[in-house]
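Take a look at the structure below.
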Amino acid sequence: MTKRLKIVSWNINSVRARTALVERLLDEHQPDVLCLQETKVVDGTFPSDLFRSRGYVHMALNGQKMHHGVAILSRLPLNDPGRHDWQDNGEARHVGVRLECGIRLENVYVPAGGDTPDRNVNLKFGQKLDFIERMTRWSDGLCEPTIIVGDFNVAPLECDVWSHKALLNVVSHTPIEVEALGRLQQAHGWIDIGRKFTPAPTRCFTWWSYRSPDWTKNDRGRRLDHMWASPELAGHLAAHIVLEPCRNWERPSDHVPLICELHI
DNA sequence: ATGGCTGGTAGAACCAGA
């Protein structure tokens, strides 16, 4: 008799501006654990009551004023909370916990990387590459079953963007970022859960710019959000879904939620 | 069509996102 563990990851682009959407997601999909990125709120004013009232009484927060910020909200107990500063500049971009089933869950918000894909003229691009490099060294030494989810801000495959050719020199899809993410994936044999259940070259996007008047019109999306599993969990993966309809909810985030389910 | 929008914060002809 196996149980199922349902995890959702969502770049919410301000948790306070989208409380109604978060409530709807919890009501409709009933995840065991919700990982949020870009909460944009300090821990002291995080809307904890919203989650507590729905049974998500276990929380691991890492927020900061205005920007970034991550949170794990859970119906299951969370142990050994930890934070990494993989950019080494104080920004709140990671929080990790251990579930009682023995799985370690890491929630990450990789820096966007600014406009110009050249670390010599754009500090933020270098910080993004350094962040991924530090994650690579960290994941090289892992020795427990781990799920890492979040906004990686890299669309690695040609089919992860609306036009590979048009985005080759656009931050999020440049070869230097794709190679850095590839080294990270190889360092621990991470399984790309999204592509396990939706193999390339099937279209799979998780983000559409706010700037398009109609995000569906040209469908200029990118797969920036990911869920990865360490190799020993391969036989436990049960499902993966991208909740694309959430991009049509009222005042949506520009990212949509991802769900994965595991047999535990 | 590298920004056409959005949120936070201040009270901006701002910044950041990607």
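Nothing here was measured: the structure is a model prediction, and the numbers come from that model. Heavy-atom basis, side chains included; hydrogens, waters and symmetry copies ignored. Below, chain A is the first sequence line, B the second, and so on; all start at residue 1.
Cation-pi geometry between Arg223(A) and Trp207(A) is not met: the NZ or CZ atom fails to fall both under 6.0 Å from the ring centre and inside 45° of the normal. Cation-pi contact between Arg93(A) and Tyr109(A): present, with separation from the ring centre below 6.0 Å and deviation from the ring axis of at most 45°. Judged by the 6.0 Å distance and 45° axis criteria, Arg220(A) is positioned over the aromatic ring of Trp162(A).
Around CG of Asp85(A), the count of heavy atoms belonging to other residues, nucleotides or ligands within 6.0 Å exceeds 12.
In this structure, the nucleotide among dG8(B), dG4(B), dG7(B) sitting nearest to the side chain of Arg18(A) is dG7(B).
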(request) Would you mind building the protein contact string for nucleotides 10-18 of chain B? One character per nucleotide, 5' to 3', B for base within reach (heavy atoms under 4.0 Å), S for sugar-phosphate only, - for untouched. (result) S-----SBB
(message) Let me check I have this right: for DNA chain B, each base becomes ., (, ), [, ] or |, based on Watson-Crick or G-U pairs with both distances under 3.5 Å. What is the full string?
(response) ....((((.....)))).
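Nucleotides dG17(B) and dT9(B) place their P atoms 15 Å apart, quoted to the nearest Å. Atom P of dA1(B) sits at a distance of 29 Å from the matching atom of dA13(B), rounded to the whole Å. Here, dA10(B) and dC15(B) have their C1' atoms 11 Å apart, quoted to the whole Å. To the nearest whole angstrom, the two C1' atoms, one in dA12(B) and one in dG8(B), are 13 Å apart. Straight-line distance between the P atoms of dG7(B) and dT2(B): roughly 23 Å, to the nearest whole Å.
Listed by chain and number, the residues in a salt bridge (Lys or Arg N to Asp or Glu O under 4.0 Å) with Glu232(A) amount to none (sequence neighbours excluded).
Counting any heavy atom pair closer than 4.0 Å across all strands shown, Val41(A) reaches no nucleic acid atom.
Rounded to an integer number of Å, the gap from CH2 of Trp215(A) to P of dT6(B) is 15 Å. Atom CZ of Arg251(A) is separated from atom C1' of dG8(B) by 12 Å (rounded to the nearest Å). Distance Trp162(A) CH2 to dT2(B) C1': 11 Å, rounded to the nearest Å. Note: NZ (Lys217(A)) to P (dC5(B)) measures 14 Å, nearest angstrom.
Residue Val149(A) is grouped with residue Val33(A) when hydrophobic side chains (ILVMFWY) are merged at heavy-atom distances under 4.5 angstrom, including chains of intermediate members.
A distance of 9.0 Å separates CG in Leu233(A) from CH2 in Trp190(A), rounded to the nearest 0.5 Å. Here the straight-line distance linking atom SG of Cys159(A) with atom CZ of Arg195(A) works out to 4.0 Å at 0.5 Å rounding.
Residue whose closest nucleotide on DNA chain B sits further toward the 5' end, between Thr39(A) and Leu167(A): Leu167(A).
The side chain of Arg16(A) places an N or O atom within less than 4.0 Å of a non-bridging phosphate oxygen (OP1 or OP2) of dT9(B).
Contact between Leu224(A) and Asp151(A) at its shortest, heavy atoms only, is O-OD1, 3.6 Å.
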